[in-house]
Amino acid sequence: MIVEKSKLKSALSKLSVLVNRESTIDGNPTRILFESNDGKISLTSCDGSNLGVFSFNTSDTSKMEFVCDYKTLTAATVMRGDVQIECKDSILTISQGETKMKYPVKGKDSYPNESKSIDSENRLIINSTKLKKLLGKISYIRKDKDPRPFTTGINFKFDGQRLKMEA
C-alpha cells in the first residue's frame, strides 16, 4: 500500500498530544493501531485516559491492521516521498525506493480498546464545519500558548434539539 507522507505526518502530529515521550503507564512505548480499509487509513492512540483517532483517505482499498510503536510510524515520515507500507508475518516493512525499514508488529487484538455500544437513539451527527464554528466560540477559554490545546475539556449537552458546549 502506498501512503502519502504528508497525510501520515499530519495524522501523527495530531496524535502527538497523546504520546508520552518516555513510556506509557505499563512501561512500554506508546502504541498506534493502524487500520486501513476501503480507501481510508485510521490511526488510533491512547495515553491511558484519552483516546485519539485520526483518519485520512488513500487511493488504496486494501485491508491492513497492525499495532506498532509511535516511533515506528514517525520513521516513515523522514523519508523523502510517499512510502510503501506492507505488513506480513508480523513484520512491518516501510520502503521508499531502495530504502527499506523493517519492524516487528502485533495484531489488532493486542491493542487495548474499550468497546462501547452507542444506542442509535442517543446519537448525534453534526456537520464538521458547524462543529468547528462551535469550537471556535469556546476556544477563548484555553490559553493561547497552551502546549497541549486538546487537554481543555468540553462538556457537550444535547437536549434533543439543541447542542450546548461548555468549557
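Every heavy atom of this structure was used, including side-chain atoms; hydrogens, water molecules and symmetry mates were not.
Note that OG of S10 and NZ of K5 are 13.0 Å apart. Values are rounded to the nearest 0.5 Å. Between atom OG1 of residue T61 and atom NZ of residue K40 there is a gap of 15.0 Å, rounded to the nearest 0.5 Å. A distance of 14.0 Å separates NZ of K14 from NZ of K9, quoted to the nearest 0.5 Å. Considering CZ of R31 and CZ of F66, their distance stands at 14.5 Å, rounded to 0.5 Å. Atom OG of S6 sits about 6.5 Å away from atom CG of D82, to the nearest 0.5 Å.
Side-chain contact between C68 and L73 is present, with heavy atoms from C-beta onward closer than 4.5 Å.
Other residues, nucleotides and ligands contribute more than 12 heavy atoms inside 6.0 Å of the NZ atom of K7.
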| field | Pair I32-L15, side chain to side chain contact (heavy atoms under 4.5 Å, CB included): steps then yes or no | value | CA-CA 9 Å; I32 300 288; L15 286 175; 3.9 Å; yes
| task | Could you go through the side chain to side chain contact (heavy atoms under 4.5 Å, CB included) check for I2 and V83 one step at a time? | result | CA-CA 6 Å; I2 300 287; V83 294; over 6 Å; no
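With sequence neighbours excluded, no residue satisfies side-chain contact (heavy atoms from CB on, under 4.5 Å) with S13.
For residues 60-69, every residue pair satisfying the salt bridge (charged side-chain N to carboxylate O under 4.0 Å, His left out) rule, not counting sequence neighbours, is listed here: E65-K108.
Screening V53, L33, L12 for a side chain to side chain contact (heavy atoms under 4.5 Å, CB included) involving L43 leaves a single residue, L12.
The two residues S62 and M1 make their nearest non-hydrogen contact at OG-CE, 3.6 Å.
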Identify every side-chain donor-acceptor pair in residues 89-100 under 3.5 Å, counting partners at least two apart or on other chains, and give the distances.
none

